[in-house]
Participant: 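Here it is: the structure, laid out below.
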Amino acid sequence: MPELAEVEYYRNLWKKATGAVVKRVELNAEKRVFRKTSPGDLAKKLPGSRLIQSYTHGKQMLFGFSNHCWLGVHLGMSGSLKVEPKEYKPQKHDHLVLITSKGALVFNDPRMFGLILFEQSQELPLWWSRLPPDLMSDDFNLERLEKALKGKTAPLKALLLTQKSFPGLGNWMVDEILWQAHLKPARQCNSLKSKEKQILLERIKTICRVSVERIGQTYGDVPEGWLFHQRWSPKGKCPLHKTPLKRTVVAGRTTAWCSECQR
DNA sequence: ATAAATGTTAAGAA
DNA sequence: GTTCTTAACATTTA
């Protein structure tokens with residue numbers, strides 16, 4: 001159930017095995033998560049390689065191994081990573097298990113919307129190059145945001161879910177951002193006033209940073225008073241007004257929002 | 001039993 | 001050519 005903060009958390013789990021050597025690879029090649037890679041290639045080349053580095057960018061992860069092996073992981077809707085003892089036997093929905101000297105690195109994904117990529121190359125793989133600016137970096141600024149909004153008639157929520165411009169945002173983070181920015185999810189992108197754009201930018205950056213701080217290492221809770229704590233329940237209330245939240249489908253996704261404070 | 005779930009993308013419409 | 005919307009993907013859970 002991963003957006004950028006949860007992805008950071010899962011990356012940090014596997015990161016604990018940095019330095020470990022892959023002894024054996026167990027995978028189920030028929031599964032949909034291998035639809036864009038060659039599982040045979042992966043199973044052949046990864047044993048003997050040592051985990052050296054790991055990165056996240058938005059919802060994507062990249063694990064770098066010695067022998068120029070690169071493993072890309074996307075968790076889709078229901079994916080997760082874990083580290084288990086070396087003797088671990090793959091269980092239901094475990095599609096890839098790397099048995100290493102420091103434990104079993106497991107990729108599990110019941111719905112299989114996730115994705116495994118593999119490549120052996122000197123340089124960073126193609127699918128990792130040319131990534132859009134990280135939302136927490138200085139490269140993501142007001143100018144970028146304005147350019148993304150410009151001329152668009154789509155609802156704000158639809159645009160913020162676009163990974164090409166807002167890498168790492170997902171359903172709960174977008175609802176949180178729009179609620180904290182007092183903007184209606186269905187609001188047209190090109191209708192924002194200058195002040196509203198500034199607030200939107202500031203909320204995107206703060207919510208990303210705080211979420212990664214709270215969730216990225218320990219999967220803790222986000223701050224009291226965030227919409228997050230209310231949005232999952234059908235009885236959720238606006239933390240400000242205590243009035244029942246609206247629930248509508250915007251951009252094809254269930255959306256929780258407050259009709260009093262979001263305009 | 002039916003619907004919905006923290007995601008992405010191909011296809012068709014505008 | 002772009003932008004926008006919807007359906008489809010596969011499985012579990014409420």
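Each chain gets a letter, A, B and so on, in the order the sequences are listed, and its residues count up from 1.
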Participant: Just checking A:Gly252: base, sugar-phosphate only, or nothing, at a heavy-atom cut-off of under 4.0 Å?
Facilitator: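 No contact at all - A:Gly252 keeps every heavy atom at 4.0 Å or more from the nucleic acid.
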Participant: For the pair A:Lys157 and A:Asp175, find out whether any cationic side-chain nitrogen is under 4.0 Å from an anionic carboxylate oxygen.
Facilitator: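 Judged by the 4.0 Å cut-off on N to carboxylate O distance, A:Lys157 and A:Asp175 do form a salt bridge.
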Participant: Measure from the side-chain heavy atoms of A:Thr254 and tell me the nearest of C:dC4, B:dG7, B:dA5.
Facilitator: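 In terms of side-chain proximity for A:Thr254, the closest of C:dC4, B:dG7, B:dA5 is B:dA5.
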Participant: Please determine if a side-chain N or O atom of A:His93 lies less than 4.0 Å away from the OP1 or OP2 oxygen of C:dT12.
Facilitator: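 So the side-chain polar atoms of A:His93 do come within 4.0 Å of the phosphate oxygens OP1 or OP2 of C:dT12, strictly under.
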Participant: Round to a whole Å and report the spacing from CG of A:Leu4 to P of B:dT8.
Facilitator: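 To the nearest whole Å, that distance equals 12 Å.
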Participant: What's the NZ-C1' distance between A:Lys157 and B:dG7, to the nearest Å?
Facilitator: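 A:Lys157 atom NZ is separated from B:dG7 atom C1' by 12 Å.
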Participant: Would you call the rings of A:Phe166 and A:Phe140 parallel, tilted or perpendicular, where under 30° means parallel and over 60° means perpendicular?
Facilitator: perpendicular
Participant: Using only side-chain N and O atoms of A:Arg253, determine if any of them is under 4.0 Å from OP1 or OP2 of B:dG7.
Facilitator: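 Answer yes for this pair, as a side-chain N or O of A:Arg253 is under 4.0 Å from OP1 or OP2.
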Participant: Within the pair A:His74 and B:dT8, is there a side-chain N or O less than 4.0 Å away from OP1 or OP2?
Facilitator: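 The answer is yes; a side-chain N or O of A:His74 sits under 4.0 Å from OP1 or OP2.
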Participant: From CE of A:Met112 over to P of B:dT9, roughly how many Å is that when rounded to an integer?
Facilitator: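 Atom-to-atom, A:Met112 to B:dT9, this comes out as 17 Å.
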Participant: So does A:Thr153 get a side-chain nitrogen or oxygen closer than 4.0 Å to the phosphate oxygens (OP1/OP2) of C:dT3?
Facilitator: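 Result: no.
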Participant: Identify which one of A:Leu98, A:Val22, A:Leu62 satisfies the side-chain contact (heavy atoms from CB on, under 4.5 Å) criterion when paired with A:Leu71.
Facilitator: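 Considering A:Leu98, A:Val22, A:Leu62, a side-chain contact (heavy atoms from CB on, under 4.5 Å) with A:Leu71 is found only for A:Leu98.
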Participant: Looking at A:Gln163, I'd like to know whether one of its side-chain N or O atoms comes within less than 4.0 Å of OP1 or OP2 on B:dG7.
Facilitator: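 Negative; the distance criterion is not met.
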Participant: Give the nucleotide from the list C:dT12, C:dT5, B:dG7 with an atom nearest to the side chain of A:Pro155.
Facilitator: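 Of the options given, the side chain of A:Pro155 lies nearest C:dT5.
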Participant: Would you kindly give the CZ-to-C1' distance between A:Arg32 and C:dT11, to the nearest whole Å?
Facilitator: 12 Å
Participant: Provide the closest heavy-atom pair for A:Glu26 versus A:Ile99 in the form atom of the first, atom of the second, distance.
Facilitator: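 Closest pair (atom of A:Glu26, atom of A:Ile99, distance): OE2-CG1, 4.2 Å.
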Participant: Check the distance between C:dT12's C1' and A:Asn108's CG and give it to me in whole angstrom.
Facilitator: 12 Å
Participant: To the side chain of A:Lys152, which of C:dC9, C:dT3, C:dT12 is closest?
Facilitator: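 Nucleotide nearest to A:Lys152's side chain: C:dT3.
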Participant: If C:dA10 has a Watson-Crick or G-U wobble mate with both distances under 3.5 Å, name it; if not, just say none.
Facilitator: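 Checking every strand shown, C:dA10 finds no partner, since no pair has both distances under 3.5 Å.
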Participant: Among C:dT5, C:dC4, B:dA5, which is the nearest nucleotide to the side chain of A:Arg111?
Facilitator: B:dA5
Participant: How are the rings of A:Tyr10 and A:Tyr219 set to each other: parallel, tilted or perpendicular (split at 30° and 60°)?
Facilitator: perpendicular
Participant: A:Lys31 has a side chain; which of B:dG7, C:dT11, C:dT3 sits nearest to it?
Facilitator: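 Among the listed nucleotides, the one closest to the side chain of A:Lys31 is C:dT11.
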Participant: Any side-chain N or O of A:Lys92 less than 4.0 Å from the OP1 or OP2 oxygen of C:dT12?
Facilitator: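 True: A:Lys92 side-chain N/O within range (under 4.0 Å) of C:dT12 OP1/OP2.
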Participant: Can you tell me, in whole Å, how much space there is between the P of B:dA11 and that of C:dA10?
Facilitator: 16 Å
Participant: Once you round it to whole Å, what is the distance between C1' of C:dA7 and CE of A:Met77?
Facilitator: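 My rounded result for the distance is 14 Å.
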Participant: Among the candidates C:dC4, C:dC9, C:dT11, find the nucleotide nearest to the side-chain atoms of A:Phe113.
Facilitator: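 Closest nucleotide to the A:Phe113 side chain: C:dC9.
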Participant: Could you check how far NZ of A:Lys59 sits from C1' of B:dT8, rounded to whole Å?
Facilitator: 9 Å
Participant: Return the value, rounded to whole Å, for the distance between atom CG of A:Leu75 and atom P of B:dT8.
Facilitator: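 My rounded result for the distance is 10 Å.
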Participant: Provide the closest heavy-atom pair for A:Trp127 versus A:Leu131 in the form atom of the first, atom of the second, distance.
Facilitator: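 In terms of heavy atoms, the two residues are closest at O-CD2, 4.3 Å.
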